[in-house]
Amino acid sequence: MRLRIAAGNWKMNTSLQEGIELAKAIQAFVSEFPLDKHKRIVLGVPFTHIVSIVNLVDYKKISVAAQNCARWEKGAYTGEISAEMIRSSGAHYIIIGHSERRQYFNETNEELKTKVELCLKNSLRPIFCVGEKLDEREQNKHFEVVQKQLTESLFHLDVEHFSHVLIAYEPVWAIGTGKNASPEQAQEMHMFIRKLIAEKYGASAANDTSILYGGSCNAQNAASLFAQPDIDGGLVGGASLKANDFIEIIKAL
Ligand code: PGA
């Protein structure tokens, strides 16, 4: 049975002290909350926070994610952080290919393919982000764009490696805008993604892949999004920075 996940993407927010307080508030709630074993909370924190937060959460319910890694294994790349460093800090997940990284750091499908391989080699589970821009949706190219992102960065993997990958569908026009995709729009794309996985890896692999929705997911809309048959949770930006809002999202899982 595939995992249902409430994942926070803190982006470049919180000082270490603020991040610790936020993680403590979520941990305090979760310690009293009966979380079924097919559900998991993932906190996507800045690199500087990983070790401290890994040490304060209950790893049976909460995992820590990084938000990026270098595209090289190791070496003379001043300022970069490798997948191996991240794994050795105690993170188990990693957000790869977020649209902000594609946009501001020019990450291409080809480069992301390399990053996915480095993550898997170091036992990090990628939360691989896909999604179309507004003009692409308006031109009715959204399925084509998402298919290309999946094909060029993930579909070279064998089925065993692919089984460690999670996917987040994040329409770029919905990120940080307060305008979420409707549950029907999101479900349509999630079903399409699952169909592509089934064609490539078979029905059982498709059924076991967690596909999260991201883009203005919040305490008010999480339940209706998560009620869709192919939506297995959320990748949450803004609302994951407020403990009470994120807790409501966890309850909606
Ligand atoms: P948002 O961000 O929830 O603030 O829209 C989602 C994301 O970028 O992962």
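Counting starts at 1 for both ligands and their atoms, following the listed order.
- The N/O atoms of Gly238, backbone and side chain alike, include one that comes under 3.5 Å of an N/O atom in ligand 1.
- Heavy atoms from both the backbone and the side chain of Ile175 come within less than 4.0 Å of ligand 1.
- Under 4.0 Å from ligand 1, the heavy atoms of Ala174 that appear belong solely to its backbone.
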Step-by-step salt bridge (Lys or Arg N to Asp or Glu O under 4.0 Å) determination, Glu73 to Lys121: CA-CA 10 Å; Glu73 196 146 1; Lys121 190 172 170 195; 2.6 Å; yes

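- Distance alone, capped at 3.5 Å, places no donor-acceptor pair between the Asn207 side chain and the Ala203 backbone.
- Between the side chain of Arg125 and the backbone N or O of His164 there is at least one donor-acceptor pair closer than 3.5 Å.
- For ligand 1, the polar-atom distance check finds no N/O of Thr177 at less than 3.5 Å from any of the ligand's N/O atoms.
- In this structure, Ser216 counts as a contact residue of ligand 1, since one of its heavy atoms falls inside 4.0 Å of the ligand.
- The distance from ligand 1 to the heavy atoms of Gly215 drops below 4.0 Å at these ligand atoms: 5 (O).
- Between Gly176 and ligand 1, at least one N/O pair is under 3.5 Å apart.
- With hydrogens and angles disregarded, no donor-acceptor distance shorter than 3.5 Å links the side chain of Glu152 to the backbone of Glu110.
- Both Val165 and Val159 belong to a common hydrophobic cluster when Ile, Leu, Val, Met, Phe, Trp and Tyr are linked at side-chain heavy-atom distances under 4.5 angstrom.
- Of the protein's non-hydrogen atoms, Glu170 OE2, 2.6 Å is the one closest to atom 9 (O) of ligand 1.
- A donor-acceptor contact shorter than 3.5 Å is absent between the side chain of Asn122 and the backbone of Leu124.
- Near Lys11, the atoms of ligand 1 lying under 4.0 angstrom from a non-hydrogen atom of the residue are 2 (O), 7 (C), 8 (O).
- Scanning the protein for heavy atoms near atom 6 (C) of ligand 1, the closest one is Gly237 N, 3.5 Å.
- Aromatic ring pairs are classed by plane angle as parallel below 30°, tilted from 30° to 60° and perpendicular above 60°; the pair Phe162 and Tyr201 is parallel.
- Counting atoms of ligand 1 from 1 in the listed order, those under 4.0 Å from a heavy atom of His98 are 7 (C), 8 (O), 9 (O).
- No donor-acceptor distance shorter than 3.5 angstrom exists from the side chain of Lys39 to the backbone of Ile5, with no hydrogens or angles considered.
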